[in-house]
Amino acid sequence: MDQPKRYLITSALPYANGELHLGHLAGAYLPADIYVRYLRLLGKDVVWVCGSDEHGAAITMRAKKEGISPKEIIDKYHELNKATFKKLGISFDYYHRTSAQLHHETSQDFFLRLHEKGDEFEVRTTKQYYDADFDQFLADRYIKGTCPRCGHEEAYGDQCENCGSDLSPIELIDPVSTLSGKKPELRETQHWYFKLDEHEAWLREWIATGKLDGEQHHNPDNWKKHVIGQCLSWLDNGLQPRSITRDLDWGISVPLEGAEGKVLYVWFDAPIGYISSTKQWALENGTDWEQYWRDEDTALIHFIGKDNIVFHCIIFPALLRAYGGYVLPQNVPANQFLNFEGQKFSKSKGWGIEQHAYLDEFADFPNKEDALRYALLRNLPENRDSDFKWDEYVDYHDKELADKLGNFLNRVIVLTNKYFDGQVPEVQPGVSDAIQGAIELTDKLTAEIEAFSFKQAGLYLIELASYGNTYLQDVSPWKIWKTEPDSPLIKECIYVSLQIATLISALCEPFIPFTSPRVRKQLNLPPLENGDLTEVLRKLKAGESLLPANHRVGEPEVLFPKIHDRKDTSRLEIINRQKEKLEAILAAERGPEREPMKPEIQFDDFVKLDLRTGTITAAEKVPKADKLLKLSVDLASEQRTVVSGIAEHYKAEEIVGKQVVLVANLAPRKLRGILSQGMILMAENADGKLVFVSPEDGFGNGWTVR
RNA sequence: GGCGCGGUAGCUCAGCUGGUUAGAGCGCAGGAUUCAUAAUCCUGAGGUCGGCGGUUCGGGUCCGCCUCGCGCUACCA
């Protein structure tokens, strides 16, 4: 499909059971956002849907453990995730939720249709464990017992983590429900299975060759290798009927008589959420949802993480085809995983940063949205796992956004104001072919976006700014200005540079949408609207002005205040706080490795110590000593001079006024010729880092510590 | 265990169906420049392309084995 009439874009529905971290953003949302914004700028008919995935056993389990209702959980995370996406400029056309009535109806219709076709489902009766106290069947994971292979007493119903055996709950010796802690009973239950195996032949051809019913549906060369590889691996292993119902009281009821207490399996209803979301969007926008799902000229594209490949490339397509009349995805550009400072994101360890936490902690950081989007873009896990590092975040921001892109735009605006009073100079038609290089870069950039290669596309954006910088440097109008201020070379140079700047203002929008309007403002242009890029590209190639002669530009403004800034360290401090948090986690992991405890002492030994609160009233570096500070400490009844070995950790001026605890009856001792009358209590960790042990602010001086 | 994807300069990564001296950015070294956010531009150093074996006139690029990383392996979602 070279030129589809319309695009239907989906991003994986986030599970409404927790916060989303940067890995999620880099996997399925940022790439889709770039793609969709690009299509909109070209004036394409595109709708991008997403929403919260709100069913499944994990939510009910969590609700039971926390003693709240599932609805409280899903409401909380639906609102949080939806709002956070919006703040980051993730521009879904609709963010729906699977708890919506419309979605329940859509899913039930889907199920019924397949049921009525008669040959898509089969019903199987099996025995499963049932927890009578909690009145429900138990998922394998929620049953523990003794492993029949190795005797490990804490094996799960699906696997023994001690010997690695795959188990079924029935095999466990002495099974126990992790909900009630009691022995569950075996009960018969009945479930509906989707006969996925009967779809194997056409799926294989479709995945391997891109052909559907003998016609070319898509070009498999455009699909990522790891996507096709994993699908074929699955197909080679043989497909099996797949259970699509569960015994659960949370979810979408199976719409059949005799199916009380059964719900659709969350994996069945979640992708149908894409359809529901489209329906709701169409409803609110007075348009028809069906053309997006049923018209063959629609290009359906699923953005997901690699954990979702099989579902979106095999199971969901099979369901859609079984239903009949639905389009199948043109591409599923699944990303791999993003790591965080060398390790996987881990909620339990606190490793990584969540999207909303980022926004909170970077509240005072200018461009925090685009800075993050750009850092993730530069490190998208498009073909392999990648790693997010704060140092790289800083480098990408300062060296690429600020130094290359921001600085180029700034130079151009400044030069225009300086030499031409802010007006675009007039030039002879067709004088410069310097624009040709910009056209080539533009073509490369758009081709990369269309090939779902967003990282490379982003590099071309910066290269375009570099191209502009090189061009400025080659012509060096400031040199010509000194001897020949009226030279047409200056006019041409500024004119061409302004064209490149205008081009950048348009091309950058999909990547850094918060910055684009600010660039436009400096050029005295309105923010972009849907379709504007088409006209920009047409003019560019026709040799017409993107920014015509005599147009008056705006005032220069620093787009990206650098993080490494001599005069203002506030941005660097925000980054450093993040790095310190990670160090603390690593330090905590080193955990139990603490100094062994000293031999026991008696209370009498302890009371010999005279500990007093005090305040540092003066501090100065001890000459010829690297580590020593000479402190004056106010104990109310007297002033003490204390020499303390903390100069490598604290500067003299920053600890004046600090409240401390002093060992007041320690025998005086001369250090570097100064009599030290006491010792300040400090805590020290394995890295040798020191911190004061202090009373709370405002506590008076000279009081005892016991 | 089986399968899939990946292992390319100090770091992060490009290299389609095999073909001349293996690329980019950052970092590093040297130079140019001052319009600009101590920014920019140019040049250079640096790699036995995870290891071994094979097919070929020729292999990061194909085949086999080994090794390391990540993922999937169908009822956790």
Side-chain angles (χ1 to χ4, degrees), chain A residues 15 17-18 53 55-59 61 126 128 137 139-142 156-159 164-166 168-169 191 193 196 221 224-234 236-246 265-267 270 305-311 314-315 334 336-337 339 344 378-387 389 391-392 395-396 398-404 406-419 453 455-456 459 462-463 465-466 468-474 476-479 481 493-494 497 556-562 564-567:
Chain A
Y15 198 55
N17 191 28
D53 175 9
H55 296 134
I59 285 172
M61 298 292 173
T126 57
Q128 286 191 7
F137 283 93
D140 293 357
R141 180 83 165 274
Y142 294 95
Y156 290 100
D158 52 351
Q159 192 181 34
S165 306
D166 291 330
S168 94
H191 285 294
Y193 285 70
L196 185 62
D221 292 344
K224 298 189 185 194
K225 269 170 77 176
H226 66 266
V227 172
I228 291 183
Q230 190 177 135
C231 292
L232 292 178
S233 163
W234 250 61
D236 288 344
N237 284 330
L239 300 178
Q240 304 294 327
R242 201 178 160 90
S243 155
I244 54 161
T245 57
R246 288 290 183 280
Y265 180 36
V266 62
W267 267 119
K306 66 174 158 182
D307 51 334
N308 265 339
I309 288 172
V310 165
F311 210 86
I314 293 181
I315 300 169
Q336 309 244 14
F337 288 155
N339 290 321
K344 291 180 192 180
R378 285 291 274 102
N379 234 337
L380 283 183
E382 289 179 323
N383 293 308
R384 66 174 99 166
D385 290 357
S386 66
D387 200 6
K389 293 188 174 80
D391 283 345
E392 289 184 349
D395 276 358
Y396 293 145
D398 279 6
K399 289 172 177 157
E400 299 184 8
L401 291 179
D403 291 350
K404 287 211 163 86
N407 187 226
F408 169 69
L409 296 167
N410 188 249
R411 308 169 80 179
V412 176
I413 301 291
V414 166
L415 287 169
T416 306
N417 278 299
K418 200 165 206 163
Y419 296 158
S453 183
K455 192 193 315 193
Q456 185 59 53
L459 287 171
I462 299 301
E463 201 172 323
S466 278
N469 277 323
T470 305
Y471 171 69
L472 274 180
Q473 201 72 25
D474 286 348
S476 292
W478 47 90
K479 280 187 183 169
W481 181 260
C493 177
I494 301 304
S497 298
E557 176 208 0
V558 171
L559 286 170
F560 296 99
K562 300 215 313 188
H564 281 295
D565 185 324
R566 293 181 174 196
K567 296 166 198 155

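Naming: A, B, ... by sequence-line order, numbering from 1 per chain.
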Enquirer: Could you check which of B/U37, B/A77, B/G25 has an atom nearest any side-chain atom of A/L559?
Expert: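 Taking heavy atoms from C-beta onward, the closest nucleotide is B/U37.
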Enquirer: Any side-chain heavy atom of A/L415 within less than 4.5 Å of one from A/L472?
Expert: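 The answer is yes; the side chains approach within 4.5 Å.
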Enquirer: Among B/G71, B/C41, B/U12, which nucleotide has an atom closest to any side-chain atom of A/K389?
Expert: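 Ranking B/G71, B/C41, B/U12 by closest atom to the A/K389 side chain puts B/U12 first.
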Enquirer: Does A/K225 put a side-chain nitrogen or oxygen below 4.0 Å from OP1 or OP2 of B/U61?
Expert: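 Answer is no, no contact under 4.0 Å.
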Enquirer: Round to the nearest Å and state the distance from A/N407 atom CG to B/C35 atom P.
Expert: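 After rounding, the reported distance stands at 13 Å.
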Enquirer: For the pair made of CG in A/D385 and C1' in B/C68, what is the distance, rounded to whole Å?
Expert: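 Those two atoms, CG and C1', are 14 Å apart.
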Enquirer: Just how far, in rounded Å, is P of B/C76 from CZ of A/F311?
Expert: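 Atom-to-atom, A/F311 to B/C76, this comes out as 14 Å.
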Enquirer: Let me know the distance between CG of A/D387 and P of B/C11, rounded to the nearest Å.
Expert: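 Value for this atom pair: 13 Å.
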Enquirer: Between A/R378 and A/E400, is there a side-chain heavy-atom distance shorter than 4.5 Å?
Expert: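 With C-beta onward as the side chain, the pair touches.
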Enquirer: Whole angstrom is fine here: how far is it from NZ in A/K562 over to C1' in B/A36?
Expert: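 One finds 11 Å between C1' of B/A36 and NZ of A/K562, rounded.
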Enquirer: When the C1' atoms of B/G25 and B/U21 are compared, how many Å lie between them, rounded to an integer?
Expert: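 Those two atoms are separated by 22 Å.
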Enquirer: Provide, to the nearest angstrom, the distance between the CD atom belonging to A/E557 and the P atom belonging to B/A39.
Expert: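 Spelled out: CD on A/E557 to P on B/A39 is 20 Å.
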Enquirer: Please report the C-alpha distance between A/L380 and A/S386 in whole Å, then the side-chain angles of each, then the deciding distance to 0.1 Å, and finally whether the side-chain contact (heavy atoms from CB on, under 4.5 Å) criterion is met.
Expert: CA-CA 7 Å; A/L380 283 183; A/S386 66; over 6 Å; no
Enquirer: Distance between the P atoms of B/G15 and B/A9, in whole angstroms?
Expert: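 To the nearest whole Å, 15 Å.
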Enquirer: Write down the distance between CD (A/E382) and C1' (B/G15), rounded to a whole number of angstrom.
Expert: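 In whole Å, B/G15 C1' and A/E382 CD are 15 Å from each other.
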Enquirer: Which of the following nucleotides, B/U33, B/A74, B/A77, is nearest to the side chain of A/Q473?
Expert: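 The listed nucleotide nearest to A/Q473's side chain is B/U33.
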Enquirer: Is the phosphate of B/A77 approached by A/Y265 (side-chain N or O, under 4.0 Å from OP1 or OP2)?
Expert: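 Yes, within the criterion.
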Enquirer: So which nucleotide from B/C75, B/A74, B/C35 ends up closest to the side chain of A/R246?
Expert: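 Ranking B/C75, B/A74, B/C35 by closest atom to the A/R246 side chain puts B/C75 first.
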Enquirer: Choose from B/A36, B/G25, B/G4 the nucleotide whose nearest atom is closest to any side-chain atom of A/Q230.
Expert: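 Of the candidates, B/G4 comes closest.
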Enquirer: Can you check side-chain contact (heavy atoms from CB on, under 4.5 Å) on A/Y396 and A/N379, steps first, answer last?
Expert: CA-CA 10 Å; A/Y396 293 145; A/N379 234 337; 4.1 Å; yes
Enquirer: So if I take every side-chain heavy atom of A/S466 and compare against B/A77, B/C41, B/C5, which nucleotide ends up nearest?
Expert: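 Side chain of A/S466 sits closest to B/C41.
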Enquirer: For atom C1', what is the distance between B/C11 and B/C28, given to the nearest Å?
Expert: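 Taking atom C1' in both B/C11 and B/C28, they lie 12 Å apart.
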Enquirer: Looking at A/S476, does any N or O in its side chain come under 4.0 Å of the phosphate oxygens OP1/OP2 on B/C35?
Expert: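 For B/C35, OP1/OP2 do not have a side-chain N/O of A/S476 under 4.0 Å.
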Enquirer: Roughly how many Å apart are B/G23 and B/C63, using the C1' atom of each and rounding to a whole number?
Expert: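 It comes out at 27 Å once rounded to the nearest Å.
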Enquirer: In whole angstrom, give me the gap between the P atoms of B/G27 and B/G64.
Expert: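 B/G27 and B/G64 have their P atoms separated by 42 Å.
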Enquirer: With rounding to whole Å, what would you report as the distance between B/U8 and B/A24 at their C1' atoms?
Expert: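 Their C1' atoms lie roughly 13 Å apart.
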Enquirer: Provide the Watson-Crick or G-U wobble partner of B/C28, both distances under 3.5 Å; none if there is no partner.
Expert: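 The base-pairing partner of B/C28, which may sit in any strand shown, is B/G44.
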Enquirer: Determine whether A/R411 and A/N407 satisfy the following criterion, side-chain contact (heavy atoms from CB on, under 4.5 Å), listing intermediate values before the conclusion.
Expert: CA-CA 6 Å; A/R411 308 169 80 179; A/N407 187 226; 4.0 Å; yes
Enquirer: Which base, if any, makes a Watson-Crick or G-U wobble pair with B/C70, both distances under 3.5 Å?
Expert: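 The answer is B/G4, by the H-bond criterion.
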Enquirer: Expressed as a whole number of Å, how far does the P atom of B/U37 sit from that of B/C72?
Expert: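 B/U37 and B/C72 have their P atoms separated by 49 Å.
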Enquirer: Would you mind pulling out the nucleotide paired to B/C76, Watson-Crick or G-U wobble, both distances under 3.5 Å?
Expert: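 Across any shown strand, B/C76 pairs with none.
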Enquirer: For the residue pair A/Y265 and A/S243, establish whether any side-chain heavy-atom pair is separated by less than 4.5 Å.
Expert: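 No, side chains not in contact.
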Enquirer: Mind checking the C1' distance from B/C52 to B/U67? Whole angstroms is fine.
Expert: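 My reading of the C1' atoms in B/C52 and B/U67 gives 11 Å.
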Enquirer: Which nucleotide, in any strand shown, forms a Watson-Crick or G-U wobble pair with B/C57, with both distances under 3.5 Å?
Expert: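 When the pairing criteria are applied, B/G19 turns out to be the nucleotide that pairs with B/C57.
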Enquirer: Report yes if a side-chain nitrogen or oxygen of A/K399 is closer than 4.0 Å to either non-bridging phosphate oxygen (OP1 or OP2) of B/U37; otherwise report no.
Expert: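 No, because none of the side-chain N or O atoms of A/K399 sits under 4.0 Å from OP1 or OP2 of B/U37.
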Enquirer: Find which nucleotide of RNA chain B each of A/L459 and A/I59 is nearest to by heavy atoms, and output the residue with the more 5' nucleotide.
Expert: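 With A/L459 and A/I59 compared, the 5'-side residue is A/L459.
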Enquirer: So what's B/C65 paired with, Watson-Crick or G-U wobble, going by both distances under 3.5 Å?
Expert: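 Per the H-bond distance test, B/G51.
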Enquirer: B/C70 phosphate, OP1 or OP2: any side-chain N/O from A/K306 under 4.0 angstrom?
Expert: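 For A/K306, the contact criterion (side-chain N or O under 4.0 Å from OP1 or OP2 of B/C70) is not met.
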Enquirer: Among the nucleotides B/A14, B/U37, B/C75, which one has an atom lying closest to any side-chain atom of A/Q456?
Expert: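 Taking heavy atoms from C-beta onward, the closest nucleotide is B/A14.
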Enquirer: Take atom NE2 of A/H226 and atom C1' of B/G7, then tell me their distance rounded to the nearest Å.
Expert: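 Distance, rounded to whole Å: 16 Å.
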Enquirer: Applying a 3.5 Å limit to both distances, which nucleotide forms a Watson-Crick or G-U wobble pair with B/U34?
Expert: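 None - no nucleotide pairs with B/U34, as no candidate has both distances under 3.5 Å.
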Enquirer: If you only use heavy atoms from C-beta on, which nucleotide in B/C72, B/U37, B/U12 is closest to the side chain of A/E392?
Expert: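 Looking only at heavy atoms from C-beta outward on A/E392, the closest nucleotide is B/U12.
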Enquirer: Are A/D395 and A/K389 close enough for a salt bridge, meaning some N to O gap below 4.0 Å?
Expert: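 No.
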Enquirer: Nearest of B/C70, B/C26, B/U40 to any side-chain atom of A/N469?
Expert: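 Shortest atom-to-atom distance from the side chain points to B/U40.
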Enquirer: If you check every side-chain atom of A/A58, which of B/G71, B/C76, B/U12 has the closest atom?
Expert: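 Shortest atom-to-atom distance from the side chain points to B/C76.
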Enquirer: Can you confirm whether A/K562 sits close enough to A/D403 that some side-chain heavy atom of one is under 4.5 Å from a side-chain heavy atom of the other?
Expert: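 A side-chain contact under 4.5 Å exists here.
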Enquirer: Pick one for B/G60: is it syn, with its angle within 90° of 0, or anti?
Expert: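 Base orientation: syn.
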